[in-house]
Amino acid sequence: MAEKAKKSSKLTPTRAENFPEWYQAVVKAADLAEMKHVRGCMVIRPWGLGMWEQIRRRFDEVIGELGVENVYFPLFIPLSYIQKEADHVAGFAKEMAVVTHHRLELDEAGQLVPAAPLNEPVVVRPTSETIIGESMKGWIDSYRDLPMLLNQWANVVRWEMRPRVFLRTTEFLWQEGHTAHETEAGALAESLQMHEVYRELAATWLAIPVIPGEKPASERFPGAERSFTIEAMMQDGKAVQAGTSHFLGQNFAKSADIAFSDRDGGRSLVWTTSWGISTRLVGAVVMVHGDDDGLRVPPLVAPSQVVLVPIARGGEDDARVLEACREMKRELETRSMKPGVTLRVRVDARDRRSVDRRWEWVRKGAPVVIEVGARDLDQGTVSAIRRDDLENRVEISIGDLSAALPALLEDIQASLLAQATTDLERRIRYDVVDLAGFEAHFEEPDAAFVVAPWCSSPECETVAADRWSVSIRCIPFDRAGEAGPCVICGVAGESAVWGRSY
RNA sequence: CGGGGAGUAGCGCAGCUCGGUAGCGCACCUGCUUUGGGAGCAGGAGGCCGCGGGUUCAAAUCCCGUCUCCCCGACCA
């Protein structure tokens, strides 16, 4: 019996059996999203979008405190705007969706065909540096207008060859911050500050430990002088770039001529930055925290943190049990896990067997599921299932619920971060020092990150990429000083994080 | 775009070799039983067997074409 229950709770396949397929199974089983209707595009379902909305809420709060204001720019960008920055064009040209017509007509066969070509085709934004730059040009006259700190929440389109739900989709949701500064130092400081915001968001809210660092030239954002990244390691050892922040120098200022009257009475170009996180983060949550029973959502970003499952037996008790659940919900919602973030509690009273409802929430990764029946009410206690420890139910007296739950959720949040951190620290390798060791390590399909010196030559990057599909994820900030012989060629270099990536 | 695999009920699959008009498990609906820790029995609904053409008395099955999806690479948040 127990064996049967245990066996059937597992997803097919398990992580060990086939990680990529497991990932897709979780996304489906947890009702996060579907790839449907259009190749590479997602239908994001409430439980998946809800996570993104929590991320969004938190991020808006943080950038609001930093003085960033939200704006919205058009989905379409004139081709002429895109054309202005050479590196930018080169970087995005291959994946741009282009709108060339503005009408459909029926042909002789009764098929709808595009008609009425546009004078100037427009592209669907792959990112908005160019169009926002064109506006900033008009909004910035003086150094007194700086810094200008803008952000937008938007969808963008990059026509990808190989889509993966959440991780790499043709259309995705993101925020893109765009700032303009009087000085180089101001812009650089901004990009580093946002980079740190991302690191903190990943660790604290998503319970994902990341390696902050700088991208090598080969992985820089098209048009950027410097790109900073937070790199997360999935359970299969592969990297996900979980957030990026770019110091754009004056590249976009030049191409859009964003100039201002400076303090000396002269004319200067602004220095700009851009930074973004996307719905990819939802995929990272799945791949970092998921287990063979399904998803595990960190409480701070869970659309519902506590799910109350009333047990109905078709008798007189049902109404009493349901009302008790509603009362618990009301009371729990007066409490907070973090200041200002009141608990999100759901009563799942759908007409389903209680066990089915419970397992559905386990699959979806709700942090805490509490079943409530008449017997519990009589005894004055309920038993809670915490998603990070399914084996051990937690007995809580009903009177203590609202006091106990914030702490329980904090504990779950902390334990998810601790597990992910332990996994990263246990698997990341600092002892790979030469090509033989490098090869031996990356022959394993689930090989984790290697931290080892790199001589800074593109040739060595190419060797790693061609032979093992390994790239330099970043030059980490915290070990940047450690020098040594390049792990590929032996020439002196500085420490880099090597790994396969999504 | 290269190399593999696969399209049959909502999900997972069998049937195809050897043509005979569609099945299993889960889910769903109804009834009865059971009753707080992934219930049992009985009944039921649900399919242009990816699409188009061909062969044939007859095609899920054979032939040709085509589309789509998945996995592994190259490109990327």
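Scope of the values below: all heavy atoms of this structure, side chains included, with no hydrogens, waters or symmetry mates. Chain letters run A, B, ... following the sequence lines, proteins first, then strands; residues in each count from 1.
Rounded to whole angstrom, the span from the CZ atom of A:F19 across to the P atom of B:C70 amounts to 18 Å. Atom P of nucleotide B:U34 and atom CD1 of A:I311 are separated by 19 Å, given to the nearest angstrom. A:I385 places its CD1 atom 11 Å from the C1' atom of B:G36, with the value rounded to the nearest Å. Regarding A:Q379, its CD atom lies at a distance of 12 Å from the P atom of B:G36, rounded to whole Å.
Using Watson-Crick or G-U wobble geometry with both donor-acceptor distances under 3.5 Å, B:G19 finds no partner in any strand shown. In this structure B:U61 sits in no base pair that meets the Watson-Crick or G-U test at under 3.5 Å. Under the Watson-Crick and G-U wobble criteria, each requiring two contacts below 3.5 Å, nucleotide B:A42 is paired to B:U30. Figure legend. B:U55 is base-paired to no nucleotide; pairs are counted as Watson-Crick or G-U wobble with both atom distances under 3.5 Å. The nucleotide B:C49 finds no pairing partner, because no Watson-Crick or G-U wobble arrangement with both distances shorter than 3.5 Å includes it. Across all strands shown, B:G25 pairs with B:C11; the Watson-Crick or G-U wobble distances both stay below 3.5 Å. Under the Watson-Crick or G-U wobble criterion, with both distances below 3.5 Å, B:C69 is paired with B:G5.
Panel note: side chain A:R125, backbone A:N155; a donor-acceptor pair is recorded below 3.5 Å.
Taking the salt bridge (charged side-chain N to carboxylate O under 4.0 Å, His left out) definition, one finds that A:D446 meets it with nothing, sequence neighbours left out. In this view, A:R220 satisfies the salt bridge (charged side-chain N to carboxylate O under 4.0 Å, His left out) rule with no residue, not counting sequence neighbours. The salt bridge (charged side-chain N to carboxylate O under 4.0 Å, His left out) test applied to A:R58 returns A:E61, not counting sequence neighbours. Applying the salt bridge (charged side-chain N to carboxylate O under 4.0 Å, His left out) test to A:R353 and every residue at least two apart in sequence or in another chain returns A:D356. Legend: residues meeting side-chain hydrogen bond (donor to acceptor under 3.5 Å, both in side chains) with A:T169, ordered by chain and number and at least two apart, are absent.
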Contacts table for residues 207-214 of chain A: side-chain donor-acceptor under 3.5 angstrom, sequence neighbours left out:
from   : atom 1 : to     : atom 2 : distance (Å)
A:E214 : OE1    : A:R226 : NE     : 3.4
A:E214 : OE1    : A:R226 : NH2    : 2.6
A:E214 : OE2    : A:R226 : NE     : 2.9

Under 3.5 Å, sequence neighbours excluded: what are the donor-acceptor pairs made by side chains of residues 83-93 of chain A?
from  : atom 1 : to     : atom 2 : distance (Å)
A:K84 : NZ     : A:E134 : OE2    : 2.9
A:E85 : OE1    : A:D87  : N      : 3.1
A:E85 : OE1    : A:H88  : N      : 2.9
A:H88 : ND1    : A:P222 : O      : 3.1

Which donor-acceptor pairs under 3.5 Å do the side chains of residues 187-195 of chain A make with protein atoms, sequence neighbours left out?
from   : atom 1 : to     : atom 2 : distance (Å)
A:S191 : OG     : A:L188 : O      : 2.8
A:H195 : NE2    : A:T229 : N      : 3.4
A:H195 : NE2    : A:T229 : O      : 2.7

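Across the C1' atoms, B:U61 and B:U55 are found 13 Å apart, a figure rounded to whole Å. To the nearest whole angstrom, the two P atoms, one in B:U8 and one in B:G15, are 14 Å apart. The gap from the C1' atom of B:A77 to that of B:G36 amounts to 47 Å, rounded to the nearest Å. Rounded to the nearest Å, the gap between the P atom of B:C57 and that of B:G52 is 22 Å. With P as the reference atom, B:C13 and B:G7 are 9 Å apart, rounded to whole Å. Comparing the C1' positions of B:G54 and B:G19 gives an interatomic distance of 15 Å, to the nearest angstrom. Taking atom C1' in both B:G65 and B:A27, the straight-line distance is 37 Å, to the nearest Å. Atom name P, nucleotides B:U33 and B:A45: the rounded distance is 24 Å, in whole Å.
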Problem - Audit row: A:T179, A:W275, side chain to side chain contact (heavy atoms under 4.5 Å, CB included) steps and yes/no - result: CA-CA 9 Å; A:T179 69; A:W275 23 273; 3.8 Å; yes
Please list each protein N or O that sits under 3.5 Å from an N or O in nucleotides 25-32 of chain B, with the distance.
none

Taking only N/O atoms, report every protein-nucleotides 4-14 of chain B pair under 3.5 Å with atom names and distance.
none

Exercise for the section: Between protein and nucleotides 71-77 of chain B, map the contacts as a letter string: B base, S sugar-phosphate only, - none, heavy atoms under 4.0 Å, written 5' to 3'. Expected result: SSBBBBB
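Residues A:W498 and A:F442 place their aromatic rings such that the two centres sit no closer than 6.0 Å.
Taking the six-membered ring where tryptophan is involved, the planes of A:F247 and A:W271 are essentially parallel, since the angle between them stays under 30° and well short of 60°.
Distances shorter than 4.0 Å separate some side-chain N or O of A:R313 from OP1 or OP2 on B:G36.
Note on residues 234-243 of chain A: pairs passing side-chain hydrogen bond (donor to acceptor under 3.5 Å, both in side chains), not counting sequence neighbours, are A:R15-A:Q235, A:K215-A:Q241, A:D236-A:Y502.
Looking at heavy-atom distances under 4.0 Å, A:G276 makes no contact with the nucleic acid at all.
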